[in-house]
Amino acid sequence: MTSPLNHLPSAKEVGTYDPDTLASNFSDLHPPLTHRQAMIESQRCLYCFDAPCVEACPSDIDIPSFIRQISENNINGAAETILEANILGGSCARVCPTEILCERSCVRNHDAECQPVLIGLLQRHATDHMQFDGHPFKRATSTGSHVAVVGAGPAGLSCAHRLAMLGHQVTIFEAEQKPGGLNEYGIARYKMTDDFARKEVEFLLEIGGIEIQYGQRLGANLELATLHNQYDSVFLSLGLGASRALGLTGEQAPGLMPAVDYIKVLRQTDDLGSLAVAKRCIVIGAGNTAIDMATQMARLGATEVTLVYRRGVEAMSATDHEQEIAKANGVRMVTWAQPDEILLDDQVRVTGMRFAKTHDQAGRLTPTGETFEIAADAVFTAIGQGFEGASLSDTTAAELARDGERIHVNEMFQTSLPNVYAGGDCVKPGQDLTVQAVQHGKLAAHAIHQALVAKQEAA
Amino acid sequence: MNTLTFTPPGKKDSGDSVVNGVDLSVNFAGIKAPNPFWLASAPPTDKAYNVVRAYEAGWGGVVWKTLGEEPPAVNVSSRYSAHYGKNREVIGFNNIELITDRSLEINLKEITQVKKDWPDRALIVSIMVPCNEEAWAYILPLVEATGADGIELNLGCPHGMPERGMGAAVGQNPDLIEKVTYWCKKHYSKPVIVKLTPNITDIRVGAQAALRGGADAVSLINTINSITSIDLDNMVAKPTVGHQSTHGGYCGSAVKPIAMNMVAEIARDPATPTLPISGIGGISTWRDAAEFIALGAGSVQVCTAAMLNGFRIVEEMKDGLSRWMAEKGYDSIEAFSRKAIPQTTDWKHLDINFKTIAKIDQDLCIECGRCYIACEDTSHQSIAKLTEQDGARRYEVIEEECVGCNLCQITCPVDNCITMVPQETGQPFLAWDNDPRNPFRVAS
Ligand SMILES: Cc1cc2nc3c(=O)[nH]c(=O)nc-3n(C[C@H](O)[C@H](O)[C@H](O)COP(=O)(O)OP(=O)(O)OC[C@H]3O[C@@H](n4cnc5c(N)ncnc54)[C@H](O)[C@@H]3O)c2cc1C
Ligand SMILES: Cc1cc2nc3c(=O)[nH]c(=O)nc-3n(C[C@H](O)[C@H](O)[C@H](O)COP(=O)(O)O)c2cc1C
Ligand code: SF4
Ligand code: SF4
Ligand code: SF4
């Protein structure tokens with residue numbers, strides 16, 4: 001719901017783009033490789049030994065092997081190599097910031113070439129073109145154990161798939177009506193086109209042994225104690241549902257809303273033209289969410305999009321590549337300025353924002369005393385996602401040890417409660433990335449499996 | 001026609017023998033040509049139309065597509081196939097074509113006209129007729145009447161023709177090579193070149209037989225028996241004729257190393273020390289040509305590279321070769337012909353005391369680990385894999401273990417990153433013939 005923007009015109013009414021342009025603005029940001037391009041690109045891979053790119057992939061995909069398989073036109077083989085390490089290899093190929101992961105470590109970045117192998121696009125090529133007769137992975141004989149997974153995002157799905165493969169029965173409890181987590185609701189629309197998130201989950205579930213119950217929210221209609229009692233193990237993959245607030249007056253005013261809430265609607269709509277558009281808007285933040293928001297608003301037809309960050313460009317968590325995308329879409333970047341006051345009109349609607357200039361004083365961010373204003377029809381906040389406290393409000397859940405607000409786990413993804421594991425964005429440490437969530441889910445599944453097998457053997 | 005044609009200033013005539021100030025002309029066994037780049041007898045030289053285009057493009061000579069007895073050969077449909085590299089580059093080329101499928105009369109008429117119009121270019125006629133003197137005695141005067149500069153005996157076609165008692169069937173029998181060459185010298189007054197088949201065990205035997213028969217020169221190699229690939233869905237080789245296939249003749253880049261060895265074998269053979277050689281097989285660049293010439297070729301012939309790229313490649317061949325010659329101070333083709341022969345010897349004459357070891361240029365190394373795994377798994381475990389303080393990989397040669405095999409240098413993807421460095425051993429030259437470890441040592 002974008003109700004805070006109800007007073008604003010729709011993309012259609014703003015009319016910067018005709019419907020066809022609008023549609024193409026949200027088609028693939030990086031078009032897939034053709035077969036021929038994939039063959040040529042695969043040849044560039046040197047098939048390194050102990051390849052540095054593999055070390056840089058959070059999900060441990062055997063990159064030289066799958067690229068060699070592509071080069072031999074063994075697409076199914078390549079896809080299987082990818083998927084056995086990362087069952088969401090298709091979405092990772094689309095959303096991974098490869099420029100800071102695998103591709104950054106490719107040896108072909110060396111001085112003489114400065115051009116890594118396009119690992120992400122090759123990964124996409126293999127997963128887009130695989131054609132299996134049935135699901136490529138088979139389930140081990142049933143262990144008789146039943147595991148509950150809470151949250152059907154990348155971490156939960158990856159964990160469930162691996163558990164099913166290892167012979168366990170899995171039930172996923174998901175608060176929303178659709179699976180996929182941020183793959184379905186959060187990733188920028190031009191990175192995940194053609195309903196890919198849904199199709200990928202359908203593929204993943206083909207393995208069997210996984211049931212998803214929708215509309216089941218831990219902390220609302222579901223208690224951790226119940227799961228703890230009824231299932232042999234529990235895996236929590238709740239993500240980070242809450243958007244941090246600015247903490248200024250007027251935060252509820254029409255015209256101001258969290259970026260992720262807007263993106264969620266943008267991801268779900270069938271009619272881009274019906275979306276509310278702020279011709280002039282401000283996005284506050286410096287991460288990929290802020291970049292995604294600013295870029296998508298520009299692509300919907302906003303003509304003045306300003307991204308404001310309280311520190312310098314070098315401190316932005318959005319990668320250079322992401323920043324370039326925003327700039328290419330006409331997004332203006334203003335740095336060293338923090339929100340000071342939300343400017344409202346007499347109907348208490350947002351008309352802009354006053355910012356306080358900042359500077360770095362001996363390592364501390366301090367206002368310089370100067371201020372300036374930017375007029376805008378809407379302000380989107382993207383200053384970070386937080387843990388949704390309500391999810392862990394029942395008495396058992398409340399006992400879980402925390403790392404700051406996130407759930408504390410050890411290196412085996414065990415929480416402080418026996419048989420309760422957690423992974424993905426809701427735990428520390430790490431980068432909040434899809435590929436990392438997938439890896440957590442996979443590793444947690446192995447840890448759970450080990451513990452369950454040990455228990456059965458002891459019995 | 002009222003189209004205005006003009007020659008831009010400095011644009012050379014396609015027949016100029018001096019390129020970049022270097023004289024590329026050759027006199028090969030009495031056949032003169034403005035440059036050593038000739039087209040081998042094959043589809044590019046099948047008829048006047050092609051040959052004229054080749055001359056216009058700058059080729060120094062052509063060997064006309066092989067003529068035979070009447071009626072002309074009949075070809076099948078679907079004729080070529082390739083051995084591809086992963087990037088679809090053609091590594092090797094295979095064909096199941098026969099000799100000319102046009103009538104003798106038309107060919108002879110065209111040859112006569114072309115020679116008349118292009119007197120400065122070499123024009124050699126390839127011939128293959130049955131192995132009896134009458135057949136040769138019949139065709140040779142007809143060829144002589146065309147005014148062509150010489151003939152090439154096609155004794156090497158590995159498919160189709162041997163079944164008719166011609167081609168490789170003759171080329172594989174030294175007595176027949178000698179006999180046919182002899183007939184040709186008897187019934188034809190100009191130079192006779194014998195084209196040798198590589199489908200034998202010792203190429204020198206064929207060259208010696210040709211020389212005994214009176215040959216003025218040999219040319220080699222013709223194509224090598226081959227099957228390039230199988231259609232695994234239909235379980236049939238390519239090229240596929242209906243539902244079947246057959247072996248063909250292999251040529252193109254892949255055969256160059258085989259051809260060069262055969263050329264060198266003949267050039268080094270004390271029985272044929274001055275026999276002119278026209279080098280053929282996988283020549284695609286000026287460098288390939290220079291290498292053949294260094295091993296003893298007096299001219300080179302090209303087929304596949306022209307078929308894949310068109311005649312224009314000769315421009316770069318002439319340009320590149322002449323620039324390199326100028327740089328090296330070679331003022332003629334002859335000046336560097338056979339230059340590599342003295343250094344080409346038998347294994348037993350090599351210096352057993354020579355030692356070279358690999359050296360990695362750490363500034364160029366991109367840390368791919370290829371040298372390490374190659375040496376570790378399949379050679380002498382002489383490359384150490386180390387980790388630097390900052391986590392970077394570092395590969396170092398363990399000098400005491402390195403035997404100087406070159407494997408790491410070959411597998412390294414970076415030019416000049418690994419060099420093989422000759423070592424000062426303080427030991428004298430020692431050939432295996434004289435090595436005390438050799439049980440068959442020649443006492444010195
Ligand atoms: C706008 C945006 C853009 C992003 N872009 C990228 C990108 O381009 N590349 C990239 O690698 N990463 C990106 N990320 C990060 C990435 O999406 C996350 O790291 C990843 O989705 C984490 O997976 P997860 O399974 O831990 O959590 P989520 O994907 O958040 O999934 C959590 C799931 O749990 C459910 N849930 C939550 N609470 C409860 C509850 N109490 N009871 C039951 N179910 C519950 C949710 O509905 C959801 O389905 C982006 C994130 C955002 C917000
Ligand atoms: C399609 C084709 C047809 C050929 N026909 C003949 C021929 O009629 N007579 C002949 O002597 N050689 C023939 N050859 C062999 C070539 O003249 C040449 O010896 C061989 O292809 C090696 O040279 P290359 O590697 O440059 O192609 C033919 C080769 C090809 C590819
Ligand atoms: S999952 Fe992501 S980081 Fe890993 S190889 Fe694929 S694109 Fe690169
Ligand atoms: S580092 Fe680059 S070249 Fe080496 S294996 Fe990985 S993708 Fe291939
Ligand atoms: S093969 Fe070459 S580039 Fe690769 S690690 Fe060895 S020396 Fe370095």
Side-chain angles (χ1 to χ4, degrees), chain A residues 33-58 60 62-78 100-119 121-122 125-126 131 133, chain B residues 82-91 228-233 238 358 360-398 407-419:
Chain A
L33 300 175
T34 63
H35 177 70
R36 184 81 194 106
Q37 287 170 325
M39 289 313 266
I40 293 171
E41 191 60 25
S42 67
Q43 290 308 305
R44 296 189 57 243
C45 174
L46 295 170
Y47 194 55
C48 297
F49 179 71
D50 266 355
C53 57
V54 177
E55 280 172 21
C57 169
D60 300 332
D62 185 347
I63 297 165
S65 292
F66 95 70
I67 296 182
R68 193 176 175 87
Q69 287 169 308
I70 292 180
S71 78
E72 293 178 11
N73 210 7
N74 177 3
I75 301 297
N76 281 354
I100 58 164
L101 300 173
C102 52
E103 289 177 19
R104 184 170 67 182
S105 297
C106 175
V107 300
R108 292 224 119 153
N109 282 309
H110 243 262
D111 305 350
E113 285 180 68
C114 301
Q115 173 64 57
V117 173
L118 300 174
I119 302 169
L121 281 170
L122 286 170
H125 183 77
Q131 274 180 327
D133 238 351
Chain B
H83 172 46
Y84 287 109
K86 281 192 180 166
N87 248 335
R88 215 174 181 280
E89 72 279 17
V90 174
I91 294 172
T228 48
S229 62
I230 301 290
D231 169 347
L232 285 174
D233 293 325
K238 294 174 187 174
I360 297 176
D361 182 334
Q362 298 294 344
D363 291 336
L364 289 176
C365 174
I366 61 173
E367 297 155 37
C368 71
R370 291 182 60 89
C371 56
Y372 168 77
I373 196 61
C375 191
E376 191 67 15
D377 277 356
T378 73
S379 251
H380 295 84
Q381 297 75 47
S382 337
I383 295 181
K385 185 178 142 196
L386 311 169
T387 311
E388 307 250 40
Q389 294 268 299
D390 62 357
R393 299 131 199 274
R394 185 182 171 92
Y395 296 92
E396 271 176 19
V397 175
I398 306 166
L407 180 66
C408 56
Q409 188 201 32
I410 292 168
T411 198
C412 175
V414 182
D415 273 343
N416 304 321
C417 176
I418 301 185
T419 39

From [atom1] ([X]) to [atom2] ([Y]), nearest 0.5 Å:
{"X": "K86(B)", "Y": "R68(A)", "atom1": "NZ", "atom2": "CZ", "answer": "4.5 Å"}
{"X": "R108(A)", "Y": "C368(B)", "atom1": "CZ", "atom2": "SG", "answer": "9.0 Å"}
{"X": "N87(B)", "Y": "R36(A)", "atom1": "CG", "atom2": "CZ", "answer": "5.5 Å"}
{"X": "E376(B)", "Y": "F49(A)", "atom1": "CD", "atom2": "CZ", "answer": "8.0 Å"}
{"X": "T411(B)", "Y": "Y47(A)", "atom1": "OG1", "atom2": "OH", "answer": "11.0 Å"}

Counting neighbours of CD on Q131(A) that are heavy atoms of other residues, nucleotides or ligands and sit closer than 6.0 Å, is the number greater than 12?
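Open: at most 12 neighbouring heavy atoms sit under 6.0 Å from CD of Q131(A).
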Could you check whether atom CG of D133(A) has more than 12 heavy atoms from other residues, nucleotides or ligands sitting under 6.0 Å from it?
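Check fails, neighbour count at 12 or below.
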Between E113(A), H110(A), E72(A), the one whose heavy-atom pairs under 4.5 Å with chain B are most numerous:
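Answer, by heavy-atom pair count under 4.5 Å with chain B: H110(A).
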Contact summary for P52(A) and R393(B), nearest pair of heavy atoms
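That closest heavy-atom pairing would be CA-NH2, 3.4 Å.
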For L46(A) versus I366(B), what's the shortest heavy-atom pair and its separation?
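Heavy-atom minimum between the residues: CD1-CD1, 3.5 Å.
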Counting heavy-atom pairs closer than 4.5 Å to chain A, which one of D415(B), I373(B), L364(B) comes out on top?
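Between D415(B), I373(B), L364(B), the count favours I373(B).
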